[in-house]
> 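Attaching a single structure in structure tokens format; questions to follow.
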Amino acid sequence: MPGSRIEFKNGRLIVPDDPVIPFIEGDGVGPDIWRAARMVIDTSVERAYGGSRVIKWHEVFAGDKGNDLFGTPLPEETIEAIRKHIVGIKGPLTTPVGGGYRSLNVSLRQRLDLFACIRPVRYYRGTPSPVKEPGLVDITVFRENTEDVYAGIEWPKGSEEANEIIDFLNTRMSTRIKKDSGVGIKPISEGATKRLVRMAMEYAISNHKKVVTLVHKGNIMKFTEGAFRDWGYEVIRDEFRQMVVFENELKGDVPPSDKILVNDRIADSMFQQILLRPSEYSVLAVPNLIGDFVSDALAAQVGGLGMAPGANVGIPTAIFEATHGTAPKYAGQDKVNPSSLILSGAMMLDYLGWNESADMIRHGVERAILDKQVTYDLARQMDGATLLRCSEFAQAVVERL
């Protein structure tokens, strides 16, 4: 295979000028948006670096293609290729509701220990929005990726395992769980919490963010979500004390200019806050389930999941991905908005340290939207828009890099 491997040494990535990067097209609209994103990424790299840098793409398989070629939706070859090359990118993968195999996204996160789902949510000017001032939203969500109810530890109603757990809890712990219940386990650990909050703090410091907020439902789930809050504060006190001021230490409403304000919010209150006072928040560190909800609620304010990039990041492995679903009814129609995957590609370039090409992409996306050269999801909300196909939007972005 042409190209060179990315390496991880002494806590940092060593990125060659010709890195091999595995990609998964994805299911449904995945091939459409991947073709669009790849064109934008490759052109931005060529223009930024004049041919001195180039990505060597390496296709790996999951979802429908994995089943067709390997007889499994997540082949071991795919896991090993991403582990070997450290950085990858993917389109959306099908996750059955109810029965069938478990989420491939969750499996990738757990197998590769991609413990942080990072979602930087910001507004691109000109994008239709349901709120009055979407430009106030510039919030990066760090969602714990490996624990909570998304760990997938559950058993169906009537199964031997569910019956045993219910009997044990009702007999030994004096609970009153109904016999006809499905049962799930919600683990939240000190180690997983602290590494997530540590990464969120390091991001805030590196990117000059002024507020880090721990979001939780600790008033009800005291030993899981409440512990998430307590452990988060503990790692910040132990490792970042000189760089922060806690909310209860403030004298007045404005923190010192040289400090990061650290606070926490109950989850239901946070949903109000991101609607009413989004400018007061910069970085959120959140358990898995609530983080999923908060991320999508924020994305809705800036144009929807079609405008929301994302990454699943561990140390050192990272997979960048479209944050929306497969939209199978639009598969092969060259119709949907590829911005989520395009902007995830920009995140990936930032991760590689290729910031010039990443900035080009973000500029190109914003200029295309300001010029009203958009796909159907945005065109139907804009007066005077030019309706573009998925591939045509990618070309419009390229022309504005």
Side-chain angles (χ1 to χ4, degrees), residues 23 25-26 28-49 55 89 91-92 119-138 298-310 320-327 329-350 354-401:
F23 71 91
E25 277 191 335
V29 298
D32 286 347
I33 64 172
W34 169 245
R35 283 190 293 270
R38 178 172 177 171
M39 179 172 68
V40 173
I41 295 167
D42 284 344
T43 306
S44 74
V45 170
E46 196 281 328
R47 291 190 187 174
Y49 307 112
I55 293 173
I89 188 168
R119 297 272 292 273
V121 185
R122 56 160 281 197
Y123 180 64
Y124 287 86
R125 291 177 299 156
T127 308
S129 168
V131 299
K132 291 181 179 179
E133 296 185 87
L136 297 178
V137 176
D138 185 3
L298 281 167
Q301 295 179 234
V302 300
L305 289 177
M307 295 300 301
F320 298 81
E321 65 175 357
T323 60
H324 54 73
T326 58
K329 71 177 181 178
Y330 296 128
Q333 297 182 29
D334 192 25
K335 180 174 182 175
V336 300
N337 186 348
S339 293
S340 175
L341 193 55
I342 290 172
L343 293 170
S344 296
M347 281 184 74
M348 183 190 74
L349 292 168
D350 280 329
W354 295 9
N355 308 94
E356 297 85 357
S357 53
D359 290 341
M360 275 188 176
I361 290 174
R362 285 184 280 264
H363 174 82
V365 168
E366 186 164 71
R367 288 308 315 176
I369 294 170
L370 282 170
D371 292 342
K372 299 187 177 182
Q373 305 290 305
V374 292
T375 48
Y376 82 99
D377 56 317
L378 301 184
R380 63 190 177 186
Q381 304 177 66
M382 301 167 70
D383 294 330
T386 299
L387 174 61
L388 302 181
R389 304 180 75 80
C390 175
S391 57
E392 292 171 335
F393 178 79
Q395 185 59 45
V397 172
V398 163
E399 291 168 358
R400 292 162 175 79
L401 291 175

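The model shown is predicted, which means the values in this text are computed figures rather than measured ones. The chain is numbered in sequence order, starting from 1.
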> Can you tell me how far apart OG1 (T127) and CD (Q381) are? Round to the nearest 0.5 Å.
9.5 Å
> Could you measure the distance from the CH2 atom of W354 to the CG atom of D359? Nearest 0.5 Å is fine.
14.5 Å
> In the structure I gave you, are the side-chain heavy atoms of L136 and V131 within less than 4.5 Å of one another anywhere?
no
> Please examine the side chains of V302 and Y124, heavy atoms only from C-beta on, and report whether any two atoms are closer than 4.5 Å.
no
> Measure across A368 and V397 and return the closest heavy-atom pair with its distance rounded to 0.1 Å.
CB-CG2, 4.2 Å
> Just so I know, are the side chains of M307 and I369 near enough to count as touching, which here means a heavy-atom distance under 4.5 Å?
yes
> If you compare all heavy atoms of L341 against all heavy atoms of E321, which two are closest, and at what distance to 0.1 Å?
CD1-C, 4.1 Å
> Kindly give the heavy-atom pair with the smallest separation between S344 and A322, and that separation in Å.
OG-N, 4.2 Å
> Compare every heavy atom of R400 with every heavy atom of A396, then report the nearest pair and how far apart it is.
O-NH1, 2.9 Å
> Looking only at heavy atoms, what is the nearest atom pair of D377 and N337, with distance?
OD2-ND2, 3.1 Å
> Taking C-beta and beyond as the side chain, do R47 and V398 meet within less than 4.5 Å on heavy atoms?
yes
> Give, for atom CD1 of I33 and atom NE2 of H324, the distance between the pair rounded to the nearest 0.5 Å.
4.0 Å
> Are any non-hydrogen side-chain atoms of P338 and T375 less than 4.5 angstrom apart?
yes
> Do the non-hydrogen side-chain atoms of R362 and D350 ever get within less than 4.5 Å of each other?
yes
> Which value, rounded to the nearest 0.5 Å, describes the distance between Q395 atom CD and R389 atom CZ?
15.0 Å
> Can you tell me if CD on E133 sees more than 12 non-hydrogen neighbours from other groups inside 6.0 Å?
no
> Does any part of the side chain of R119, heavy atoms only, come nearer than 4.5 Å to the side chain of L298, both counted from C-beta?
no
> Which class fits the ring pair Y376 and Y330: parallel under 30°, tilted 30 to 60°, perpendicular over 60°?
tilted
> Below 4.0 angstrom, N of the basic side chain to O of the carboxylate: do R35 and D32 qualify?
yes
> If you measure only the distance, is there a donor-acceptor pair under 3.5 Å linking the side chains of Q373 and T386?
yes
> Measuring from atom CD of E356 to atom CD1 of I361, what distance do you get when rounded to the nearest 0.5 angstrom?
12.0 Å
> Working to the nearest 0.5 angstrom, can you tell me the gap between S44 OG and I55 CD1?
7.5 Å
> Between S129 and Y123, what is the shortest heavy-atom contact and its length?
CB-CE1, 4.4 Å
> Any non-hydrogen side-chain atom of L378 less than 4.5 Å from a side-chain atom of F393?
no
> Any donor-acceptor pair under 3.5 Å linking the side chain of T323 with the backbone of A308?
yes
